[in-house]
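Scroll down for the structure; my scribbles are underneath it.
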Amino acid sequence: MSADPFDDLYRELILEHYKKPRNHGPIPTAPIHVEGVNPVCGDEIHIDMNVDEGIIKDIGFWGAGCSISQSSASMMTDRLKGRPASEAKDVMTEVRAMLIDGAPAGNDLGDLEALEGVAKLPVRVKCALLCWNVLDQGLTQAATTA
Amino acid sequence: MSADPFDDLYRELILEHYKKPRNHGPIPTAPIHVEGVNPVCGDEIHIDMNVDEGIIKDIGFWGAGCSISQSSASMMTDRLKGRPASEAKDVMTEVRAMLIDGAPAGNDLGDLEALEGVAKLPVRVKCALLCWNVLDQGLTQAATTA
Amino acid sequence: MLDVARIREDFPILHQEVNGHPLVYLDNAATTQKPRQVINALVRYYETNNANIHRGIHTLAQRATEEYEDTRRKVARFIGAPNANDIVFTRNATEAINLVAHAWGDQNLVEGDEVVISIMEHHSNIVPWQLLAQRKGIRLRFAGLTPDGRLDMDCLRGLIGPKTRLVSLVHMSNVLGTINPVAEIAGMTHAAGALFLLDGAQSVPHLPFSVDETGADFLAFSSHKMLGPTGVGVLWGRDGLLQQMGPFLGGGDMIATVREEGSTWADVPHKFEAGTPNIADVIAFGAAIDYLESLTMPAVREHEIALTSLAMDRLEAIPGLTIHGPRDPLARGGVVSFEVDRVHPHDMATIADSHGVAIRAGHHCAQLLMRHLGVPATSRASFSVYNEPGEIDALVEAIEHAKQVFA
Amino acid sequence: MLDVARIREDFPILHQEVNGHPLVYLDNAATTQKPRQVINALVRYYETNNANIHRGIHTLAQRATEEYEDTRRKVARFIGAPNANDIVFTRNATEAINLVAHAWGDQNLVEGDEVVISIMEHHSNIVPWQLLAQRKGIRLRFAGLTPDGRLDMDCLRGLIGPKTRLVSLVHMSNVLGTINPVAEIAGMTHAAGALFLLDGAQSVPHLPFSVDETGADFLAFSSHKMLGPTGVGVLWGRDGLLQQMGPFLGGGDMIATVREEGSTWADVPHKFEAGTPNIADVIAFGAAIDYLESLTMPAVREHEIALTSLAMDRLEAIPGLTIHGPRDPLARGGVVSFEVDRVHPHDMATIADSHGVAIRAGHHCAQLLMRHLGVPATSRASFSVYNEPGEIDALVEAIEHAKQVFA
Ligand SMILES: Cc1ncc(COP(=O)(O)O)c(C=O)c1O
Ligand SMILES: Cc1ncc(COP(=O)(O)O)c(C=O)c1O
């Protein structure tokens, strides 16, 4: 990692996910729809998901926001699609620890590791967290409707 | 006058009027009753007066307040009892100029001249002015009911 | 024990002459002086970090936001509140009480409901309820006092009943010094299913304080009475209470979304902090709390008890002088109101001022209490951490002088 | 012409590096920086005069009261108000507008009455009326904009009718910079028998201003946007209007007499200043006004027009960059909101910050306007007396860098 927090922020991987987001767009057949907005800046994330027998069969997102909020969502769906909901929870905990407490990224985060630099700019942490808070709602819904 | 504003404030004459107020107490037969309160400190002045054919035949005051507000009222009634209402207005104007603008006291003020030192303590000016504001109401009433 | 000599070094204002005498500042219940640590916090903020908060991405805005929210956490810790988000910054204690009257009262009270206060309340804890009574048709009830200036607990108990929705009382009287038995009152209030608002304007600055021990549901107090700057008050609400309330003032920072059809609100505490807050003073208030904590509140209390004892002993020895309120210095704060035969309080204050001694004279925003005491006004000396025994000598001298003038 | 180099010497905060670059502060519409004259006024107040005002007899209280009331007179003179007693100090512009919504609105409006605002309003001039609409069943109507970001005067004219009781509009938009034709609007409003509230938060700090020329009946603005401290706002009411209104917040200093049965109110402005005011900051606000007056407002305006022209020219030359609002720098204040293709405003602000350039990104408390513009947020640069042309170069450089990152 470089000494300049700004170099760490806009890493290649983040820009790539921002410019070409994975799993982008609604999934009309998905039983779960959740959304969230960051009242401070107006960023918005919607997530459609299909959790079947504890597995995130399908997940898609859309919304409006900065490179951090959108790439975080893209990386998140990329990392979690096809994975068990329980694993999603673990990853969520790990990402939050990394962003909020500046904990080092574990090597099971994949691309999400690129968000490590965000922790150094507290004002942007909420951007990166938004999709995870929305996911949290989605997982809760999945658990209660299962 | 001495250089110390506090010496000027509590002059003999003021203390004398405070301890032995002239024209103190209500006049039950007087047709005019006016009153006023200083909301900042709670000082209260009541005035009863009888103005007949333009002459202040009788005037009495009572109330509660500090030495400045009470002696000012005592001196005022002393100076104005038996005098024409028009003269009362002139004296009122002169006293206000003395208290508010620090104008020198004219020699027609009698004992009231002792209030000159109050002008140097702005926070006490309102105490001295209270009875004059009440008198002002009384004179207005006298003029409109005449 | 406080090291008062060292403390006085921190208060630049104390080192001046007033009317040819060293300043003796005994008007601390009105507002306290500020240590250089607080003044420096203001200067440092404006010279290095000043920016509008919450919505800003740039570095200054981040720094300002962090320091502002830091004070919220400090305040929470200082009053023993579990959750910093239950702290709302207002302009002063008065606004904090008005906020409850509007945002809680208008929404929850209906005609016939009762709010119980007492006749020892400051106007700030009377008028908001009178205005609410006009708006909502509630009934305002007034607990009386015992002859020695304590809350009449039997009277209070008799007033609290099934119609009571709120009991709102002062913790420490700004005239009598009386410290009310708040935990007991909280118990009576909660047993009746009502809420308890505590006016801590005079207590939080001077006592070891824990909201939990008081049992209060709402707490109001002011920065300027506890070594902090003017322009900052605090409202604290017990967990969940503020969340359930609708907004009070509308504007920037208190919304989630604004649409023509209507708006939704930000979370507590932002919901109650509309518009640009008093950022600099909130941050400097944090420095005031640090300062008090460095002295430790038990030591502050001990120091003020000692001064109050001394002052009461010295004043009671003056013939013709009467002190209002409880006799026991442990049952009161560092506030001593008194009468001197034949000397009106305004004259007392002016003569004290001629000795460089700053005391307050008047109704102290407590006209109901003045009527109860049967006086139009009182003279009041009140203490803080930088006062010392010699200053009580100066006060006594001024009183003797006033007696002479009006002998 | 302003001597900007000399002015910059007065602002200590400007002489620092942020992220390795000299600070370029272009977030002045959010809050301005403070000259040492203002900071010194705070220090001097706390080091020599601090006391609670209005009710105090001692020397410090007299001095503090005089200085506090001095600022009231300075504010009146600055906005060309004939009577200083028509100036009420609030916490900020937001509270000033809420005060009118409560103390005037609740008392004078009935179901079916209409309040007209516009979609370019700051949330502070939207939400108080939405809350009033909930309380009183009034109807809130929204004037639209022309394609170049001016108020649509035909639309506005169509909305103002016999049911209109108040027209409440921003003088200068904090996003578009648009300066509205207030005298004409006042004429239309008064012809309909309604009152006109002017949100001067962005105009009073930056223009030669006279309430008489605007035709406003109420005016709201904030100290912190005009080189003064945080925590002070102003409400001005045309002669007699404030007198006729009932109180808003209840407490100390705003009463004449308090009895159990009810209370009576002090005269304006004290009726609206409940509790201990933000004394120190009001006094320091006086120093800010002195400072602006020493520069002279026509020179301030001229300086900001020059900067705005330059900024618009330089920014419009950047491919993919769009500026919102009127093209003519004379028709707008020193506020330039812009979009850069593919660069989200938050990313723009973060990258600018990495160059030491403080700009704002977001909805600027104007969500209705954002929806109208069809964007979730904009980037905004805004100017004050200490900004200089070289700082626009720094902004342009940051924008070019952001374009590269997101190319
Ligand atoms: C007991 C009490 N309550 C409330 C207040 C009001 O405080 P503020 O004027 O800071 O709002 C005061 C201070 O004057 C007080 O002494
Ligand atoms: C146009 C306008 N109105 C009102 C406000 C609110 O000002 P304050 O936050 O000082 O209350 C602002 C500032 O943000 C503004 O730009």
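In what follows, every heavy atom counts, from backbone to side chain, and hydrogens, waters and symmetry copies are set aside. A quick note: this is a predicted structure, and the numbers were derived from the prediction, not measured. Just so it is clear: chains get the letters A, B, ... in the order the sequence lines come, proteins before strands, and each one is counted from 1.
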Heavy-atom contact with chain D under 4.5 Å, split by part of Leu42(C): side chain
Leading residue by heavy atom contact count with chain C [cutoff under 4.5 Å; candidates His102(D), His224(D), His122(D)]: His224(D)
Asn92(C), part contacting chain D, at a heavy-atom distance under 4.5 Å: side chain
Leading residue by heavy atom contact count with chain C [cutoff under 4.5 Å; candidates Val38(D), Thr32(D), Leu60(D), Ile126(D)]: Leu60(D)
Contacting moiety of Ala61(C), where chain D heavy atoms sit under 4.5 Å: side chain
Portion of Pro277(C) that has a non-hydrogen atom of chain D nearer than 4.5 angstrom: backbone
Chain D interface, residue from Ala133(C), Gly233(C), Gly362(C), Ser263(C) that has the most non-hydrogen pairs under 4.5 Å: Ser263(C)
Best-contacting candidate, Leu368(D), Ile97(D), Ile359(D), Val357(D), against chain C by heavy atom pairs under 4.5 angstrom: Leu368(D)
Interface residue of largest heavy-atom contact number with chain D, from Ile57(C), Asn49(C), Asn278(C), under 4.5 Å: Asn278(C)
Heavy-atom proximity to chain D below 4.5 Å, by part of Tyr25(C): side chain
Part of Ile53(C) within contact of chain D (heavy atom distance under 4.5 Å): backbone
Chain D contact via Leu99(C) - which portion, at a heavy-atom distance below 4.5 Å: neither
Contacting region of Phe142(C) [heavy-atom separation from chain D under 4.5 Å]: side chain
When Gly250(C), Pro229(C), Ala93(C) are compared by non-hydrogen pairs under 4.5 Å with chain D, the top option: Gly250(C)
Which atoms of Gln130(C) approach chain D - backbone, side chain, both or neither, heavy atom under 4.5 Å: side chain
Per-residue contact mode, Arg135(C) against chain D (heavy atom under 4.5 angstrom): neither
Top contributor to chain D interface from Arg36(C), His363(C), Lys34(C) [non-hydrogen pairs under 4.5 Å]: Lys34(C)
Which portion of Ser222(C) sits near chain D, non-hydrogen atoms under 4.5 angstrom: neither
Per-residue contact mode, Leu131(C) against chain D (heavy atom under 4.5 angstrom): side chain
Steps toward salt bridge (Lys or Arg N to Asp or Glu O under 4.0 Å) verdict (Arg91(D), Glu95(C)): CA-CA 11 Å; Arg91(D) 177 174 38 248; Glu95(C) 201 200 11; 2.8 Å; yes
Option that, when pairs with chain C are counted at under 4.5 Å, heavy atom only, ranks first among Thr31(D), Asn50(D), Thr48(D), Val43(D): Asn50(D)
Nearest heavy-atom neighbours spanning Pro345(C) and Ala361(C): O-CB, 3.1 Å
Contact listing (chain D partner; residues 17-24 of chain C; heavy atom under 4.5 Å): Val18(C), Asn19(C), Leu23(C)
Atom group of Met370(C) that falls short of 4.5 Å from chain D, counting heavy atoms: neither
Region of Gln16(C) in contact with chain D, defined by heavy-atom distances below 4.5 Å: side chain
